[in-house]
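Take a look at the structure below.
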Amino acid sequence: MSDHKPASRHTAEVNAALGRELPFDDTQDFEDSHRGFIASLPNGGVIKDDDGNVVWDFNDKAQAQEGTDAPDTVNPSLWRMVQLLGIGGLFEVTEGIYQVRGADLSNITFIEVPDGVVVMDPCLSAEPARFGLDLYREHRGDRPVVGVIYTHSHTDHYGGVRGIVDEADVVAGKVQIVAPEGFVKATLDEFVIGGNACSRRTSLQYGSLVKGGPTGTMTAGLGLGTSTGWTTLIQPTVDITETGQKLNIGGLEFEFQLAPDSEAPSEMFFYIEQYRAFCPAEDATHTQHNLYTLRGAKIRDALAWSKHIKDARLRYADKTDVMFAPHHWPVWGKEAVVKQLKLTQAMYKHLHDQTMHAANAGYTMLEAAEQIQLPTSLAHEWTTRGYYGTTSHNVKSIWAFYLGWYSGNPAQLWELPPEPAASRYVEFMGGADAVLEKAQRTFDEGDYRWTAQVVNHVVFDDPTNERAKALLADTYEQLGYQAEAGTWRGWFVSGAKELREGVQDLPTVDLQSADTINAMPVDMFLDYLAIRLNAEKADGNDLTVNLKVTDPEVEYAVVVEHATLDYEPGNLPDADATVTLDRPALSDLMTGTSTIAQMVDDGRVTVDGDSGAVERLAGMLDEFEFWFNIVTP
């Protein structure tokens, strides 16, 4: 049941039509991708962790050889992007700025300064970051890392930091870590508070559970894929709090522009006058980006995004010779930089304005998404194509950003959840066999969107119906073959795999890693514990536990009342227990790594009062199952 199917006649026709429509004779991106090449990725681009596990395999992900035609099973525009992303190695952006591309979802960038090197956005995990630093040093010398810049609050822009610096050097002031204001809160809100659900959904979005190739995953559109190594976080030592703020890092001056609520809640650009180089973070890469990322996140502000890009163009374009980003390849020359920024600005502004035009004219979210397209002047530019985000789901995002989840139709105000609704639908349509007979006809006609929508009801009515799962898997597969967005392809081919083979425990990125949790300030960690509270266990089991945390020295009273966990600064005199411990011990205790008895015996914790209250508190906290079902009930 796990065999891939070929492209149907309908899929081949859809892909061939797009191949005739777009300007494939424009090869400027390929020239730019090769420009400044210094060295290939060593060891064939295979990166392993300390235990010998492969956490990244360049050749497994770079599945489209440059100069080849797309097979029928891959959207030709996506095939072109895979070819571009497969141009990996160490590159010179300009004298003094270097990038390693193709060693993770994001690039790692090295900016030479008088005192050493500043690293921008050190990959998603530690092993690729170390791999990139080693490759850079092999060709540019053993310069010490004196600074790290996190451009924004997404894991692939900070997760590898422990692969390039020792936290002791950060604490000692030898290494500055610079980030935009609000970075820590934005990071932990997204990847810890919602981290389990986000990580599970990420495994489908990036297709990390499916082998790469013409019938499998074909990159994430933004990069070749996600590494599966050690995801880490060291908190920033310097916050950028205003646009125009200048900072000397290792003897070189950087000027920053804040871009909050654009591609991330906390994001910033920067300009280096000495190199006449500008970095727009992830706000102006070679794709239409996400206004809502399908793995799950807060919806982004399209209008703010467009305004930040316009501000950047007016501030820096006239004095910029090269623009580089933590994804894709740079652009050189003022004219090209201005064009890239103008196209990006216009794209998000157009999507914003036309979506709200439709909304105010009375169209629902789904209706707006179906009717709005980019004008030809934007749609036929490669840099606005939807490899990562799409016009369809971005329009829905803008609509929901302003108007929320409700269409305004009373029938959708109090709908049944998927499983009971599915049973009713199937019954109304004459039973599963009748539905599948009709759905097979629509599949054969190439009407895959409707086939998926209908057969999904049969699967949610009866997840043991193998005929339904097989047809739905075949349908998702064809939708994946047609998708231009690497993310949409990832969802569809991953959904097909899970329908055929079930949910499997496979290597994937963990956005909610232990190191990230340990980096949380104590108050945010308590917010995280509050969402883990099992309300049924807590109901009627009120308690108060004082925490005296060392390093950093903070005190909180944790109160469970009304089946809700809350906290307040300081300690309460009538608490059931007072616990004294350091920050790592608090994580170990509340994540179940160690029991209170073990930690008292080890001397890591002291308890004044009822230690049983601490055990009861820990016992009320759920551990979330990672491999929960998504494509089946």
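In this text the structure is predicted, and so the values were computed from the model without any measurement.
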### Message
Per the salt bridge (charged side-chain N to carboxylate O under 4.0 Å, His left out) rule, what does the pair list look like for residues 112-126, sequence neighbours excluded?
### Response
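Pairs touching residues 112-126 that pass the test: Glu112-Arg140, Glu112-Arg143.
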Return the set of residues passing side-chain hydrogen bond (donor to acceptor under 3.5 Å, both in side chains) with [X] (not counting sequence neighbours), or none when no residue passes.
{"X": "Glu255", "value": "Tyr316"}
{"X": "His327", "value": "Asp156, His157, Glu282"}
{"X": "Trp488", "value": "His393"}
{"X": "Asp25", "value": "none"}

Sequence-distant partners of [X], side-chain contact (heavy atoms from CB on, under 4.5 Å), two or more places apart:
{"X": "Val322", "value": "Val93, Thr94, Ala277, Pro330, Trp332"}
{"X": "Asn59", "value": "Asp57"}
{"X": "Pro71", "value": "Thr73, Val74, Trp79, Pro214"}
{"X": "Glu66", "value": "Phe30, His34, Ile87"}

### Task
Return the set of residues passing salt bridge (charged side-chain N to carboxylate O under 4.0 Å, His left out) with Lys339 (not counting sequence neighbours), or none when no residue passes.
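If we apply the salt bridge (charged side-chain N to carboxylate O under 4.0 Å, His left out) test to Lys339, skipping adjacent residues, the hits are Glu381.
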### Task
For Arg489, check salt bridge (charged side-chain N to carboxylate O under 4.0 Å, His left out) against everything at least two apart and list the hits.
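Applying salt bridge (charged side-chain N to carboxylate O under 4.0 Å, His left out) to Arg489 gives none.
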### Query
Quick check: does any side chain N or O of Glu267 sit under 3.5 Å from a backbone N or O of Leu258, one acting as donor and the other as acceptor?
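The answer is no, because no donor-acceptor pair under 3.5 Å joins these two groups.
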### Query
Are Ser125 and Ser227 linked by a side-chain donor-acceptor pair shorter than 3.5 Å?
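A pair is found: one side chain offers a donor N or O, the other an acceptor, under 3.5 Å apart.
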### Task
Using a cut-off of 6.0 Å, state whether more than 12 heavy atoms not belonging to Gln65 lie near its atom CD.
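Check fails, neighbour count at 12 or below.
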### Query
Residues in ring pair (Phe, Tyr, Trp, His ring centres under 6.0 Å) with Trp305, at least two apart?
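Trp305 satisfies ring pair (Phe, Tyr, Trp, His ring centres under 6.0 Å) with His289, Tyr348 only.
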### Ring-ring centroid check Phe270 Phe254, cutoff 6.0 Å
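Yes, close enough.
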